J.: 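Structure below; questions to follow.
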Amino acid sequence: MQSPATRTPKLFRTITTATVTTSLHNPPNSPTTSNRVAEQSCLALLHSCNTLPKLFQTHTYILKLGLQNNPLVLTKFASASSDLEDIDYASSFIFSPRSDTRLYDTFLFNTVIRAYAQTTHSRENALWFYRVMLGYGVLPNKFTYPFVLKACAGLGSLNLGKSVHGSVVKFGFDDDVHVQNTTVHMYCCCNGGINYARKVFDEMPKLDSVSWSAMIGGYVRLGWSSDAIGLFRKMQMVGVRPDEITMVLVLSACTDLGAFELGKWVESYIEKEGVQKNVELCNALIDMFAKCGDVDKALKLFRDMSGRTIVTWTSVIVGLAMHGRGLEAVSLFEEMIGTGVAPDDVAFIGLLSACSHSGLVENGRKYFDLMIKRFKIVPKIEHYGCMVDMFCRAGLVKEALEFVQNMHIEPNPIVLRTLISACRAHGELKLGESITKQLIRNEPMHESNYVLLSNIYAKMSHWEKKTKIRELMDKRGMKKIPGSTMIELDNKIYEFVAGDKSHGQSKEIYEMVDEMGRELKRAGYAPTTSEVLQDIDEEDKEDALNRHSEKLAIAFALLNTQPGTPIRIVKNLRVCSDCHSATKFISKIYNREIVVRDRNRFHYFKEGLCSCGDFW
DNA sequence: TTAGGGTTAG
């Protein structure tokens with residue numbers, strides 16, 4: 001086969017020259033002029049195609065005029081079809097076997113590849129057309145690669161990404177800053193690609209705010225929030241001005257860490273530097289304030305904001321839910337519908353979790369129905385999960401079970417674990433045992449399944465069985481996810497894990513823990529030793545409880561903060577019932593407000609009570 | 001005519 005690489009562009013030149021020459025020598029109304037008029041009218045029609053039926057009509061018109069092989073028309077057709085989210089329609093027409101392949105050019109392929117790269121469901125096609133392009137010998141240009149790399153990012157395959165990156169280098173487009181930035185982003189989105197991203201990033205001769213955002217975004221996506229903040233500090237040091245997207249990412253890292261002081265600093269930085277506060281940045285601020293403990297500030301920002309999107313509403317609904325303010329979340333949801341914003345599936349997850357956290361069972365049932373019937377949203381496993389959680393928390397175990405049996409999809413392990421915890425809490429031990437055994441067969445390497453079974457045996461007083469579970473876990477090499485607690489002090493974040501001795505103040509912290517223990521006992525606190533998994537004696541169990549990361553962080557805070565000031569801590573797991581009980585006592589004994597953000601929600605401890613009402 | 005990084009849940 002003759003190489004089309006040289007052939008296609010040549011042919012284009014011939015066509016263009018011929019058209020220009022003949023039109024110069026032909027009087028008006030000649031066939032060539034009318035062709036150009038037809039071409040112009042097709043382009044204008046395509047430009048105004050805002051619905052698919054209009055596009056189909058225009059297609060017929062194109063065929064009638066015989067313009068199906070006009071490159072300008074084809075490209076415009078692809079672009080219009082892509083805007084209407086039906087690029088398949090255009091590509092099947094353009095790349096049909098009857099088409100004149102000599103008309104395919106870089107711009108046409110770029111248009112089609114861009115369209116597929118933008119979709120969430122057909123990114124493979126972007127790569128497919130990229131390969132077709134190379135197969136026809138049509139050369140990619142510097143605009144092609146951002147699209148192709150974006151498609152790779154969406155697919156998340158490192159091998160694919162590496163091979164495309166190889167082509168980028170081969171064709172010599174790796175010196176273009178747009179291509180470099182997209183390469184960094186692409187590697188950040190691939191599983192195991194972060195180090196490749198960093199290598200490209202480190203080797204870039206000039207970094208702009210997009211490059212820094214791409215890399216910071218990579219760390220945020222992995223949950224490496226401290227690294228993200230570290231990189232942001234470096235960005236400031238080298239004097240690149242962050243823009244609104246950089247700030248969204250930094251806020252996202254603050255939210256993840258629960259770094260309230262840092263988050264507030266970012267807000268003042270935005271004001272001081274005059275960073276443009278667009279909707280997305282406002283959303284990120286609202287989310288940060290809500291999740292760092294100041295939901296009223298989040299509400300204020302929300303009220304002052306114009307141009308709210310569904311994300312804005314959802315952020316504040318979720319924020320209220322996390323603080324146990326379920327009724328306010330429900331009324332905000334109603335307000336949202338009232339203003340004509342249609343809820344999506346995520347908004348319903350937020351709303352249903354609000355109902356679940358605040359025990360609003362009737363509301364939960366009502367909105368679950370409303371979601372399906374009025375808003376025609378097919379419930380996903382997450383929605384079912386919220387409902388099961390809601391029934392279980394309210395002690396309606398039978399109802400939860402029935403609900404799971406009537407679900408139109410298989411329950412996932414998360415739903416089953418919710419059910420098992422409820423069985424344990426409400427005495428349905430046999431049932432809990434059988435579901436857990438099933439779960440362990442399906443998920444033999446998931447540590448928390450064993451913990452659940454072990455807890456059930458403890459409650460049944462089947463100590464030998466409990467010991468066997470422990471042995472089985474050791475044999476299979478399972479480890480408990482270590483609980484950790486973070487606390488922010490003087491712009492630094494300190495992290496504690498259970499039994500942590502790495503801290504410089506370790507000796508004082510443990511002395512403080514011992515002192516706290518004595519004070520707690522004096523005030524009437526009894527340790528919940530049944531929470532301890534190990535097969536050790538009672539005194540050692542108490543000791544194990546005292547070394548929980550939460551207690552270490554509180555001791556650290558009592559040592560290093562002014563008396564009477566509030567203590568804010570962030571946990572990676574849900575707060576255990578012993579720590580919950582102890583923290584209530586501590587808030588009273590030491591006269592401190594203690595704000596705990598756990599995996600699910602906020603707990604405000606004050607004068608011996610918790611805002612969750614012991615319901616979490 | 002064509003290009004890069006972002007927010008909500010689980």
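Only heavy atoms go into these numbers, but all of them, side chains included; no hydrogens, no water, no symmetry mates. Chain identifiers are assigned alphabetically (A, B, ...) following the order of the sequence lines, protein sequences preceding nucleic acid strands; residue numbering begins at 1 within each chain. As the structure is a prediction and not an experimental result, all values here were calculated from the model.
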J.: From the list dG5(B), dT2(B), dG6(B), which nucleotide is the closest neighbour of the side chain of Glu244(A)?
T.: dG6(B)
J.: Remember a base hit wins even if backbone is also touched, and classify Ile381(A) as base, sugar-phosphate or nothing at under 4.0 Å, heavy atoms.
T.: nothing
J.: Measuring centre to centre across the rings, with the benzene-like ring taken for any Trp, is Tyr145(A) within less than 6.0 Å of His165(A)?
T.: no
J.: Could you check how far CE of Met390(A) sits from C1' of dA9(B), rounded to whole Å?
T.: 17 Å
J.: Under 4.0 Å, heavy atoms only, any strand: does Phe147(A) hit a base, just the sugar-phosphate, or nothing?
T.: sugar-phosphate
J.: If you look at every strand shown and take non-hydrogen atoms under 4.0 Å, does Asp345(A) touch a base, only sugar-phosphate, or nothing?
T.: nothing
J.: Round to the nearest Å and state the distance from Phe109(A) atom CZ to dA3(B) atom C1'.
T.: 19 Å
J.: As a test of reading the structure: which of dT2(B), dG10(B), dG6(B) is closest to the side chain of Ile349(A), going by heavy atoms?
T.: dG10(B)
J.: May I ask you to say what Thr111(A) touches in the nucleic acid, namely base, sugar-phosphate or nothing, with a heavy-atom cut-off under 4.0 Å?
T.: nothing
J.: Answer with base, sugar-phosphate or nothing: what part of the nucleic acid does Asp344(A) contact at a heavy-atom distance below 4.0 Å?
T.: nothing
J.: Rounding to a whole Å, what distance do you find between Ile286(A):CD1 and dA9(B):P?
T.: 13 Å
J.: From C-beta outward on Lys150(A), which listed nucleotide comes closest to its side chain: dG5(B), dT7(B), dT2(B)?
T.: dG5(B)
J.: Is the shortest side-chain N to carboxylate O distance from Arg365(A) to Asp369(A) below 4.0 Å?
T.: no
J.: Is there a side-chain contact between Arg221(A) and the phosphate of dG5(B), meaning an N or O under 4.0 Å from OP1 or OP2?
T.: no
J.: Which nucleotide wins on minimum distance to the side chain of Val318(A), given the candidates dG5(B), dA9(B), dT1(B)?
T.: dA9(B)
J.: Touch check for Ser209(A), heavy atoms < 4.0 angstrom, all strands: base, sugar-phosphate only, or nothing?
T.: base
J.: Expressed as a whole number of angstroms, how long is the span from Ile310(A):CD1 to dT7(B):P?
T.: 17 Å
J.: What is the distance, to the nearest angstrom, from the CZ atom on Phe77(A) to the P atom on dT1(B)?
T.: 22 Å
J.: Rounded to the nearest angstrom, tell me the gap between atom CD1 in Ile270(A) and atom C1' in dT7(B).
T.: 12 Å
J.: Can you name the one residue among Val316(A), Ile317(A), Ile310(A) that meets side-chain contact (heavy atoms from CB on, under 4.5 Å) with Thr314(A)?
T.: Ile310(A)
J.: Please determine, for the side chain of Asn278(A), which listed nucleotide (dG5(B), dG6(B), dT8(B)) has the closest atom?
T.: dG6(B)
J.: Look at the side chain of His185(A) and decide which nucleotide, out of dG6(B), dA3(B), dA9(B), has an atom nearest to it.
T.: dG6(B)
J.: Does a sphere of radius 6.0 Å around CD in Glu271(A) hold more than 12 heavy atoms from other residues, nucleotides or ligands, not counting ones at 6.0 Å or beyond?
T.: yes
J.: Can you measure Met186(A) atom CE to dG5(B) atom C1' for me and round it to whole angstrom units?
T.: 14 Å
J.: With rounding to the nearest 0.5 angstrom, report the OH to CE distance, Tyr187(A) to Met215(A).
T.: 12.5 Å
J.: Are side-chain heavy atoms of Pro343(A) and Met336(A) found at a separation under 4.5 Å?
T.: yes
J.: Under 4.0 Å between any heavy atoms, over every strand shown, what does Asn110(A) touch: base, sugar-phosphate, or nothing? Just pick one.
T.: base
J.: Between the side chains of Asp296(A) and Arg325(A), is the shortest nitrogen-to-carboxylate-oxygen separation below 4.0 Å, so that they form an ion pair?
T.: yes
J.: Are Glu267(A) and Lys272(A) close enough for a salt bridge, meaning some N to O gap below 4.0 Å?
T.: no
J.: Can you figure out which of dA9(B), dG6(B), dA3(B) approaches the side chain of Arg114(A) most closely?
T.: dA3(B)
J.: Of the candidate nucleotides dT2(B), dG5(B), dA3(B), which contains the atom at the shortest distance from the side chain of Asp243(A)?
T.: dG5(B)
J.: Remember a base hit wins even if backbone is also touched, and classify Arg599(A) as base, sugar-phosphate or nothing at under 4.0 Å, heavy atoms.
T.: nothing
J.: To the nearest angstrom, how far is Leu149(A) atom CG from dT2(B) atom C1'?
T.: 15 Å
J.: By the 4.0 Å heavy-atom rule, please label Lys380(A) as base, sugar-phosphate, or nothing.
T.: nothing
J.: According to the ring pair (Phe, Tyr, Trp, His ring centres under 6.0 Å) rule, which pairs have a member within residues 283-302 of chain A, sequence neighbours left out?
T.: Phe302(A)-Trp313(A)
J.: As a test of reading the structure: which of dA3(B), dT7(B), dA9(B) is closest to the side chain of Lys142(A), going by heavy atoms?
T.: dA3(B)
J.: Look at the side chain of His178(A) and decide which nucleotide, out of dA3(B), dG6(B), dT8(B), has an atom nearest to it.
T.: dA3(B)
J.: Taking DNA chain B as the partner, which of residues 245-254 of chain A come within under 4.0 angstrom of it by heavy atom?
T.: Ile245(A), Thr246(A), Val248(A), Leu249(A)
